[in-house]
Amino acid sequence: MDPHLLRTFVAVAEHGSFSAAADHLGYTQSAVSQHIAALEHDLGTPLLRRRPVVPTPSGERLLEHAGPILLRLDAARADIRRTIADPPGTLTIAASPLAAASRLAAALREVRRTRPGTEVAVTVCGREAVVQGVAAAEFDLGLVDGVAAPSDPLRLSDAGPVRTSAVAHEDLVAALPTDHPLAGRRGLALNDLADARWIDAPDLGAPLSTLRAATGSDAFRPALTYTGTDLQTLLTLVMAGHGLTVLPRSAATPVAAVPVTTPRLVHRIELLHGHLDAPAGAALAAALAGSSDVE
């Protein structure tokens, strides 16, 4: 299966149009049509219905495989480039919002101290974008956060040869409006809130899928979805009564923060990297480890 044809198929499926996919990829519409026809011939089955342009059942199945396949190819290419390329002149760092708020500033101060004159470019983006960006060598290093059992690492997508180092963890709290009936509790079991209104904030709060898995519950359904990365906006939504979320203790201000006691989960931050050959990258990794509160 030719990866170039697979990328074209994914682009058509995502854009719902051969012409839009051609504009996105920089191909002619005729070339896109030829790519799709060649892939369908290779696999022996139609992959796209034409009017409207939507995947067939076989196409839907291929889409499930396409993302991980293309990411692993990008990661393999990036890993090879790391072994032969000169160290970059600029250190590129990606961080998910809560990881950036917790650890990035102190680490960058250490880089400036130990590697004066190093240029650093920082991107704050979603959790999955951090993982995939480091895997594909778009970023030299990444800081990503998430929720896990105290002794477990984060469960990251299969992004190829990405190394991880534990940086920090802290307790989780249920973020509630200050006038919520349970706001005065000293602790809460998540099941006490299973049927509450929840805000699904996949790049800030604990993912609702994680809460369902941890409690064995089919509840924890979103009343509101917030796909942004601004913590203050999320807290404003909580304070206004639009729903609850689970956050690390340090992030839950000025809402009511009630410790989550059952099940035992923590908020973790991990450093992601390929090869730390560049001195500035090594300095940042050492600074992160030096400021860690991992036990």
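- Of the inter-residue distances, the one linking Thr236 atom OG1 with Tyr226 atom OH reads 9.0 Å to the nearest 0.5 angstrom.
- Hydrophobic clustering places Met1 together with Leu48 (ILVMFWY residues linked when any side-chain heavy atoms are closer than 4.5 Å, directly or through intermediates).
- The pair Arg50-Glu40 counts as a salt bridge, with a side-chain nitrogen and a carboxylate oxygen less than 4.0 angstrom apart.
- Under the 3.5 Å distance criterion, the side-chain polar atoms of Thr261 are matched with a main-chain donor or acceptor of Leu188.
- Between Ser102 and His267, every side-chain heavy-atom pair lies at or beyond the 4.5 Å cut-off.
- Arg103 pairs with exactly one of Ile269, Leu108, Leu271 by the side chain to side chain contact (heavy atoms under 4.5 Å, CB included) rule, that one being Ile269.
- Sequence neighbours left out, not one pair with a member in residues 175-200 passes side chain to side chain donor-acceptor pair (under 3.5 Å).
- The closest side-chain heavy-atom distance from Pro150 to His169 is not below 4.5 Å.
- Electrostatic pairing of Asp145 and Arg268 does not count as a salt bridge here, judged by no charged N lying under 4.0 Å from a carboxylate O.
- Counting heavy atoms from C-beta on, the side chains of Gln132 and Glu138 never come closer than 4.5 Å.
- Arg264 has a carboxylate O that lies under 4.0 Å from a charged side-chain N of Asp171, or vice versa, which qualifies the two as a salt bridge.
- Looking only at side-chain heavy atoms (C-beta outward), Thr229 and Cys125 stay at 4.5 Å or farther from each other.
- Proximity of Leu39 to Asp2: side-chain heavy atoms (C-beta onward) are nowhere separated by under 4.5 Å.
- Contact detail for Ser96 and Val144: the closest heavy-atom pair is OG-CA, 3.5 Å.
- One finds the CG atom of Leu272 at 12.5 Å from the CG atom of Asp140 (value rounded to the nearest 0.5 Å).
- Atom CZ of residue Phe220 and atom CG of residue Leu244 lie 10.0 Å apart, to the nearest 0.5 angstrom.
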Checking side chain to side chain contact (heavy atoms under 4.5 Å, CB included) for the pair Ser250/Glu170: CA distance, chi angles, key distance, verdict? CA-CA 8 Å; Ser250 61; Glu170 66 175 302; 2.8 Å; yes

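- Between Ile93 and the choices Leu104, Val124, Val130, the side chain to side chain contact (heavy atoms under 4.5 Å, CB included) rule is met once, by Leu104.
- Across all non-hydrogen atoms, the minimal contact from Ala257 to Val173 is CB-CG2, 3.7 Å.
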Can you check ring pair (Phe, Tyr, Trp, His ring centres under 6.0 Å) on His15 and His24, steps first, answer last? CA-CA 9 Å; His15 287 83; His24 174 73; 4.8 Å; yes

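- Using a distance-only test at 3.5 Å, with no hydrogens or angles considered, no donor-acceptor pair links the side chain of Arg49 to the main chain of Pro46.
- Under the 4.5 Å side-chain heavy-atom criterion for grouping Ile, Leu, Val, Met, Phe, Trp and Tyr, Val246 is not connected to Val238 through any hydrophobic cluster.
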Can you list the steps and then say if Glu270 with Val167 is a side chain to side chain contact (heavy atoms under 4.5 Å, CB included)? CA-CA 5 Å; Glu270 294 184 0; Val167 171; 5.5 Å; no

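- Interatomic distance, CG of Leu235 versus CG of Leu237, reported as 9.0 Å (0.5 Å rounding).
- Heavy atoms from other residues, nucleotides or ligands lying under 6.0 Å from CZ of Arg61 number 12 at most.
- The two residues Gly241 and Pro177 make their nearest non-hydrogen contact at CA-CG, 4.3 Å.
- Under the 4.5 Å side-chain heavy-atom criterion for Ile, Leu, Val, Met, Phe, Trp and Tyr, Phe9 and Ile69 are members of the same hydrophobic cluster.
- You'll find the side chain of Leu62 reaches within 4.5 Å of the side chain of Leu47, heavy atoms only.
- The structure places CG of Leu176 at 6.5 Å from CG of Leu182, a figure rounded to the nearest 0.5 Å.
- Atom CZ of Arg155 has 12 or fewer neighbouring heavy atoms from other residues, nucleotides or ligands inside a 6.0 Å radius.
- Under the 3.5 Å distance criterion, the side-chain polar atoms of Arg7 are left unmatched by any main-chain donor or acceptor of Leu25.
- Thr227 has its side chain out of reach of Asp203: every pair of non-hydrogen atoms, C-beta onward, lies at least 4.5 Å apart.
- Taking NE2 of His4 as the start and CG of Leu70 as the end, the distance is 10.5 Å to the nearest 0.5 Å.
- Using a 4.5 Å heavy-atom threshold, the side chains of Pro202 and Arg127 count as separate.
- No chain of hydrophobic side-chain contacts below 4.5 Å, direct or via other Ile, Leu, Val, Met, Phe, Trp or Tyr residues, connects Val147 to Leu234.
- A pairwise comparison of heavy atoms in Pro153 and Ala148 identifies O-CB, 3.8 Å as the closest pair.
- Thr56 and Ser58 are not linked by any side-chain donor-acceptor pair at a separation below 3.5 angstrom, with hydrogens and angles left out of the test.
- Using modelled atom types, one finds a donor on one side chain and an acceptor on the other under 3.5 Å when comparing Ser30 with Gln34.
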Intermediate values then yes/no, side chain to side chain contact (heavy atoms under 4.5 Å, CB included), Val12 and Val53: CA-CA 8 Å; Val12 174; Val53 178; 3.6 Å; yes

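- Criterion: ILVMFWY side-chain heavy atoms under 4.5 Å apart, direct or through other members. Under it, Phe139 and Leu98 are not part of a common hydrophobic cluster.
- Scanning for ring pair (Phe, Tyr, Trp, His ring centres under 6.0 Å) contacts around His35 gives Tyr27, with sequence neighbours left out.
- In summary, of the residues considered (Leu231, Val260, Leu172), a side chain to side chain contact (heavy atoms under 4.5 Å, CB included) with Leu247 occurs for Leu231 alone.
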